[in-house]
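Numbers restart at 1 for each chain; the letters A, B, ... are given by sequence-line order, proteins then strands.
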There are 2 protein chains.
Amino acid sequence: MPGMNSDDQLDAAFAALAHPVRRAILARLAKGTATVNTLAEPFEMSLPAVSRHIRVLETAGLIKRDRNAQFRPCTLEPGPLKDIAAWTDMYRPIWEARFDTMEQLLHDMKDDS
Amino acid sequence: MPGMNSDDQLDAAFAALAHPVRRAILARLAKGTATVNTLAEPFEMSLPAVSRHIRVLETAGLIKRDRNAQFRPCTLEPGPLKDIAAWTDMYRPIWEARFDTMEQLLHDMKDDS
DNA sequence: GCATTATTTAACGTAATTGTTAATTAGTCA
DNA sequence: TGACTAATTAACAATTACGTTAAATAATGC
């Protein structure tokens, strides 16, 4: 994707994941490649709508598309997920600190009893 | 947040993080509590605009607000970040598998030389 | 009370997102 | 060729997102 810096890539990845249908599509693709019709089947939604969700995922780099006759099999591309995990991990010390505080609190309460 | 299931919460968190200004605000809050004006200072954007970004973060549960005279200090709330990390971790085996494949490939190439 | 500071709300314009149905493109196969 | 399947694009409507400036609210302090 030309002209897309790492900030833009995070924007696109986060935005793509902010829809339950798209997260469900990714979950399905985690089990293996699937065509558009297969991916659309679980949803009470028109095929064009699903097709556009798939395009959003593709633009965000979360999936890749192949060609096989008239089928367009989709494959999960975990790169952006890895980026999001890395970004989120910057904050891990914060929530673990809070967890430690609670652990400590529980520990102190046990000492009292 | 009543009537917000865990899917909705993920939606809100991902959507909130899909904007560079909001991610920058979180990064600032990771260093400590700050007021709206302090948070707005780095951005070439009106104060009301920043105020609304802050509200988006608050609605997503990513920050909490206090009251201190006419100030409204904001504090980072890492809960949704933890949720996102947990969600993303479901896919960790996939990108690690790819990494292993590449490692294996590089290893094999080294064997050849 | 009155000026000052901090923040939010109101009103508005514009662009993006999400969905629909109908039409179109692309490829297969009898 | 012609019917069939897979998928996308076109055209449209409704909603949400994001920014602006101006006005309103809230708390402080002389």
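- Remark: A/Thr35 is not in phosphate contact with D/dA6, judged by side-chain N or O atoms under 4.0 Å from OP1 or OP2.
- Residue B/Gln70 is the one, among B/Gln70 and A/Ala15, whose nearest nucleotide of DNA chain C lies closer to the 5' end (criterion: closest heavy atom).
- Taking every side-chain heavy atom of B/His19 into account, D/dG19 is the closest of D/dT8, C/dT7, D/dG19.
- Dashed line: the shortest gap from a side-chain N or O of B/Ser51 to OP1 or OP2 of C/dT8 is under 4.0 Å.
- Rounded to whole Å, the distance from CD1 on A/Ile25 to P on C/dT18 is 11 Å.
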Evaluate the criterion side chain to side chain contact (heavy atoms under 4.5 Å, CB included) for residue pair B/Leu26 and B/Leu76; output intermediate values, then yes/no. CA-CA 7 Å; B/Leu26 282 192; B/Leu76 189 77; 3.2 Å; yes
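- Comparing the helix axis at one end of the helix from C/dG1-D/dC30 to C/dA30-D/dT1 with that at the other, each defined from 5 consecutive pairs, gives an inter-axis angle of 10° (nearest 10°).
- Contact annotation: B/Ser46 does not reach the phosphate of D/dG19 (side-chain N/O to OP1 or OP2, under 4.0 Å).
- Here the C1' atom of nucleotide D/dC4 and the CZ atom of A/Phe71 are 11 Å apart, to the nearest Å.
- Between B/His53 and D/dA17, a side-chain N or O to OP1/OP2 separation shorter than 4.0 Å is absent.
- When each of B/Ile63, B/Ile54, B/Leu47 is checked for a side-chain contact (heavy atoms from CB on, under 4.5 Å) with B/Leu39, only B/Ile54 meets the rule.
- B/Leu47 has its CG atom 14 Å from the C1' atom of D/dA22, to the nearest Å.
- To the nearest angstrom, P of C/dG13 lies 15 Å from CZ of B/Arg52.
- Between the NZ atom in B/Lys64 and the CD atom in B/Glu58 there is a gap of 11.0 Å [rounded to 0.5 Å].
- B/Arg72 CZ to B/Asn37 CG: the interatomic distance, rounded to the nearest 0.5 Å, is 13.0 Å.
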Could you go through A/Tyr91 and B/Ile84, starting from their C-alpha distance and side-chain angles, then the distance that decides it, and tell me whether this counts as side chain to side chain contact (heavy atoms under 4.5 Å, CB included)? CA-CA 11 Å; A/Tyr91 297 90; B/Ile84 284 179; over 6 Å; no
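- An OP1 or OP2 oxygen of D/dC18 is reached within less than 4.0 angstrom by a side-chain nitrogen or oxygen of B/Arg22.
- A/Met45 has its CE atom 17 Å from the P atom of D/dA7, to the nearest Å.
- When the nearest nucleotides of DNA chain C are assigned to A/Pro48 and A/Ala69 by heavy-atom distance, the more 5′-ward of the two goes with A/Pro48.
- Counting non-hydrogen atoms under 4.0 angstrom, A/Arg55 reaches the backbone sugars and phosphates but no base.
- At whole-Å resolution of the value, CZ in A/Phe14 and P in D/dA17 are 17 Å apart.
- Nearest-nucleotide assignment on DNA chain D puts the 5′-proximal partner with A/Asn37, out of B/Arg67 and A/Asn37.
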For side chain to side chain contact (heavy atoms under 4.5 Å, CB included), just list the numbers for B/Asp11 and A/Leu17, CA-CA rounded to whole Å, side-chain angles, deciding distance to a tenth of an Å, and then say yes or no. CA-CA 7 Å; B/Asp11 289 357; A/Leu17 296 175; over 6 Å; no
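- Distance, A/Ile54 CD1 to C/dG19 P: 13 Å, rounded to whole Å.
- Residues B/Arg23 and A/Trp87 meet the side-chain proximity criterion, which asks for heavy atoms closer than 4.5 Å.
- Considering CG of B/Leu57 and NE2 of B/His19, their distance stands at 10.5 Å, rounded to 0.5 Å.
- When rounded to the nearest whole Å, the span between CG of B/Asn68 and C1' of D/dA26 equals 13 Å.
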